[in-house]
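Every chain is numbered from 1, with letters handed out A, B, ... down the list of sequences.
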Number of protein chains: 2
Amino acid sequence: MHTTKTLLQKAKPLDKYARFVPTHATFPLGFETASISAGIKKNNALDLGVIRNVNDPKRARAAAVFTTNKFQAAPVTVSRNVLQHTKGEGVIATIVNSGCANSVTGDQGQEDAEKTVDLVSKHLGSDSSENLSLVMSTGVIGQRLPMDKLENGIEKIFNDKKAFGSDFNSWLNFAKSICTTDTFPKIISKQFKLSTTGQTYTITGIAKGAGMICPNMATLLSYLITDLPLSSSAATSSLKYAVDRSFNCISVDGDMSTNDTLCMLSNGAIDNQMEDITEDSELYDEIKLNITSVAQDLAKLVVRDGEGSTKFVTVKVINSENYADARTIAESISNSMLVKTALYGQDANWGRILCAIGYAKLNDMRALDADKISVSFVTTDNSEPKELKLVINGVPQLNLDEERASQMLALEDLEVLVDLNTGTETAQFWTCDLTHEYVTINGDYRT
Amino acid sequence: MHTTKTLLQKAKPLDKYARFVPTHATFPLGFETASISAGIKKNNALDLGVIRNVNDPKRARAAAVFTTNKFQAAPVTVSRNVLQHTKGEGVIATIVNSGCANSVTGDQGQEDAEKTVDLVSKHLGSDSSENLSLVMSTGVIGQRLPMDKLENGIEKIFNDKKAFGSDFNSWLNFAKSICTTDTFPKIISKQFKLSTTGQTYTITGIAKGAGMICPNMATLLSYLITDLPLSSSAATSSLKYAVDRSFNCISVDGDMSTNDTLCMLSNGAIDNQMEDITEDSELYDEIKLNITSVAQDLAKLVVRDGEGSTKFVTVKVINSENYADARTIAESISNSMLVKTALYGQDANWGRILCAIGYAKLNDMRALDADKISVSFVTTDNSEPKELKLVINGVPQLNLDEERASQMLALEDLEVLVDLNTGTETAQFWTCDLTHEYVTINGDYRT
């Protein structure tokens with residue numbers, strides 16, 4: 001039997017910053033970012049950031065997906081209103097502060113978030129009737145925004161001509177300015193060549209981690225910034241598609257904080273003559289899949305930074321009678337405390353995996369047949385054999401190669417493969433292990 | 001910031017055996033129990049037990065509630081069949097083994113469970129066409145029952161005239177024989193006087209813990225044994241009512257292991273002349289509530305024995321527009337990993353409680369109004385003030401009496417009181433904290 005000490009020893013800290021933060025990147029045309037320390041966080045850390053579009057504002061489009069929590073923070077309500085009023089057209093900036101979530105702050109919090117948008121809009125040349133910016137906040141909840149610090153910070157950003165930039169460090173600092181319990185800033189940039197037009201465009205993704213894999217309270221913020229020309233409706237629908245297959249695959253549906261916001265800004269700067277891409281465009285599907293790919297890579301980084309986690313686990317459910325039930329099963333395994341502790345303990349516990357499959361709330365019973373199901377561990381490195389079958393057609397493999405199982409479970413990356421053998425659909429979730437360090441971190445967050 | 005070490009120090013082991021196991025009790029008339037070590041578990045621990053009715057078998061009634069997991073262990077299927085064939089009438093025994101769950105064992109497992117029932121029935125005087133016993137198993141899954149040991153054990157029990165008894169130790173040993181990761185056997189016995197007839201009857205409850213509060217895999221077994229005369233249908237309906245308000249309030253609905261079984265045996269021995277009590281009887285409601293009370297006390301013992309837990313927390317949601325949503329909210333708070341770690345860390349984190357309320361999946365939005373909700377900690381000991389308000393009408397109390405909060409959070413027993421202020425319904429859940437010890441225990445169960 002392992003003791004606490006042995007398990008603690010197993011969990012070696014990884015230098016995640018060195019491994020997951022890039023040192024250079026290409027960014028979308030026509031955007032600039034600025035970030036400063038406004039004194040909201042302690043220790044002079046970066047805590048206020050702006051991304052703004054400097055291309056023709058007529059081409060600017062914004063879209064967002066918000067938390068479904070019934071308690072919604074003031075910035076969520078205000079940003080939602082901005083998008084409703086503008087239909088996402090002409091929104092050319094987004095401002096964010098960390099250190100204070102402006103959540104459960106009542107009417108005053110609402111006024112504070114509205115004032116923030118007004119101040120940014122004014123600096124961007126808007127009269128007071130037009131809101132040009134989204135607003136987000138993350139940090140402690142139940143406390144008022146320190147508006148004096150925030151106002152000073154906004155003045156500082158917009159009055160300093162050197163504040164905005166489009167170089168690597170400007171973007172990286174923005175990524176840092178939104179961090180809370182994150183151990184590394186999450187930023188990725190990808191270029192894609194459209195197969196039909198040959199045009200290359202860029203998507204930059206920035207996120208702050210939920211901290212934990214089920215972001216019950218920790219706020220998830222994510223930005224997808226691209227120089228593609230998208231119609232307002234295409235921006236919204238492609239973002240929703242991407243979020244469903246990325247950030248919604250690392251968390252229980254609806255299991256969201258009061259502040260969770262995932263937004264996309266596009267500005268068409270890649271070619272100002274090019275028409276808006278709509279959902280009917282032949283380019284749309286290709287673009288949607290590329291946006292999804294960036295969102296997935298970004299969501300995986302959030303899992304990599306799961307609080308106290310030592311493992312990155314892909315749960316893949318294949319050959320399902322339908323997609324929804326495959327997804328429900330992947331989610332059920334990913335959220336099981338028993339599966340997550342077994343992974344931490346490097347225990348090839350197929351029983352807990354089967355059990356989590358068995359209590360998944362399926363819509364269609366045909367997706368699951370106990371006598372057809374197979375479960376394997378699959379490695380993602382080059383070691384062989386890549387697959388270790390734990391259950392075949394419902395029959396546990398009692399003479400398991402325990403040595404190989406131990407090798408696989410000692411790896412940082414692992415895939416749990418569930419073959420339902422009832423159809424052709426596939427779903428994936430990404431999860432991490434549940435560790436002593438998780439309990440330590442969350443046993444004492446507020447103080 | 002607390003370190004792992006500090007948190008580990010906080011978690012002082014409690015002598016739960018001394019506190020929660022009685023030293024004497026009165027048991028229902030007309031029942032006997034036997035338990036032995038059959039060699040299924042290691043170390044000669046008790047691992048095979050039988051409860052049998054020795055009153056007139058015509059009065060014997062059995063009812064059961066089984067796991068909703070889609071993978072159902074062989075004993076679940078077999079016991080379900082027994083109840084279907086007999087309609088719960090004339091079932092005069094129940095046999096249980098620990099050490100092997102006979103789950104995910106295919107057709108062979110099914111045959112083994114059937115054979116177990118046959119053997120017990122034969123010893124009780126049945127020809128092979130009549131099944132007189134239920135069967136349950138708990139322990140490791142995916143392994144065949146050692147039938148030779150089981151058969152020898154059954155022979156030993158029924159051939160030894162001294163094996164069965166109705167004294168305190170006989171019942172206590174039965175409670176021990178079903179334990180797996182439990183740190184103490186769970187047994188309670190209560191006597192109730194019927195208000196209309198003045199008749200006093202007895203209910204004994206025995207359970208084995210799920211080990212953890214969400215029994216994903218660990219098996220929950222429970223027995224309610226009474227000398228009341230119940231009709232078959234009244235036994236079933238009162239058991240369901242009781243389980244919904246007890247064992248289903250310590251676990252996510254459907255979040256059950258492959259083996260979970262809660263059964264009730266009644267034999268009418270209190271008065272063999274008394275007619276069966278049916279759901280139409282004027283005594284029924286009173287009896288149902290008394291059965292529920294025993295089931296609740298038993299379910300609370302399971303929470304007390306939550307793996308690695310240091311706290312027993314009652315989550316009470318009052319003044320709800322409807323019962324179902326009050327229950328969903330209580331469940332959501334009780335299952336939140338962040339609430340559970342905050343309780344462990346003795347952190348008055350009302351934000352996590354509100355958040356768990358906010359993502360509860362309600363049927364009727366009218367049950368929740370963010371501006372009406374109040375949240376308090378309430379002590380169950382005699383210290384004053386008993387209630388500490390964290391949130392009043394949606395407004396967090398920022399000048400919290402932190403000293404009193406610390407005192408309350410240091411107590412072993414605590415109530416989280418949520419006042420929805422939208423109606424008159426109340427629901428309760430019972431939960432425990434999530435500790436380093438939980439991770440240690442579950443990080444290495446199989447090996």
Side-chain angles (χ1 to χ4, degrees), chain A residues 1-4 7-8 68-71 103-104 106 140-143 212 214 216-217 252 254-258 336-338 341-342 344-345 347-352 354-362 365 368 370 391 394-396 398 434-440 442-447, chain B residues 1-4 7-8 68-71 103-104 106 140-143 212 214 216-217 252 254-258 336-338 341-342 344-345 347-352 354-362 365 368 370 391 394-396 398 434-440 442-447:
Chain A
M1 197 89 178
H2 288 136
T3 61
T4 300
L7 281 170
L8 284 172
T68 57
N69 197 297
K70 270 152 220 109
F71 295 95
S103 176
V104 200
V140 179
I141 78 175
Q143 294 181 4
M212 67 233 66
C214 274
N216 291 0
M217 180 189 144
V252 176
D255 217 356
M256 289 187 151
S257 95
T258 53
S336 159
M337 277 168 67
L338 286 173
T341 44
Y344 174 47
D347 179 4
N349 199 314
W350 55 265
R352 294 187 185 175
L354 281 190
C355 204
I357 296 169
Y359 65 69
K361 288 180 180 130
L362 305 184
M365 292 305 143
L368 183 59
V391 176
V395 181
L398 297 181
L434 172 59
T435 70
H436 288 106
E437 188 59 17
Y438 173 89
V439 177
T440 300
N442 287 296
D444 200 30
Y445 176 85
R446 202 182 55 115
T447 43
Chain B
M1 196 92 178
H2 287 136
T3 61
T4 300
L7 282 169
L8 282 172
T68 57
N69 197 298
K70 272 153 217 107
F71 295 95
S103 175
V104 200
V140 180
I141 77 176
Q143 293 182 3
M212 69 231 66
C214 272
N216 292 0
M217 180 186 144
V252 175
D255 217 355
M256 289 186 151
S257 96
T258 53
S336 159
M337 277 168 67
L338 286 173
T341 45
Y344 175 47
D347 180 4
N349 199 314
W350 54 267
R352 295 186 184 174
L354 281 191
C355 205
I357 296 169
Y359 64 69
K361 289 179 180 129
L362 305 184
M365 291 306 142
L368 183 58
V391 176
V395 181
L398 297 180
L434 171 59
T435 69
H436 288 106
E437 188 60 17
Y438 174 88
V439 177
T440 301
N442 286 297
D444 201 32
Y445 178 84
R446 202 182 55 117
T447 43

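In this structure, Cys355(A) and Asn69(B) approach most closely via the heavy-atom pair O-ND2, 3.1 Å. Taking all atoms of both residues into account, the shortest heavy-atom contact from Phe71(B) to Gly358(A) is CD1-CA, 3.6 Å. The minimum heavy-atom distance between Ile141(A) and Gly351(B), with the atom names listed, is CD1-CA, 3.6 Å.
Ranked by non-hydrogen atom pairs under 4.5 Å with chain B, the options Gly106(A), Ser103(A), Gly142(A) are led by Gly142(A). Note on Met365(A), Gln143(A), Lys70(A): by heavy-atom pairs under 4.5 Å with chain B, the leading option is Lys70(A).
Both the backbone and the side chain of Leu434(A) have a heavy atom closer than 4.5 Å to some heavy atom of chain B. Both the backbone and the side chain of Leu354(A) come within contact range of chain B, with heavy atoms under 4.5 Å apart.
Here the straight-line distance linking atom OG1 of Thr258(A) with atom OH of Tyr359(B) works out to 12.0 Å at 0.5 Å rounding.
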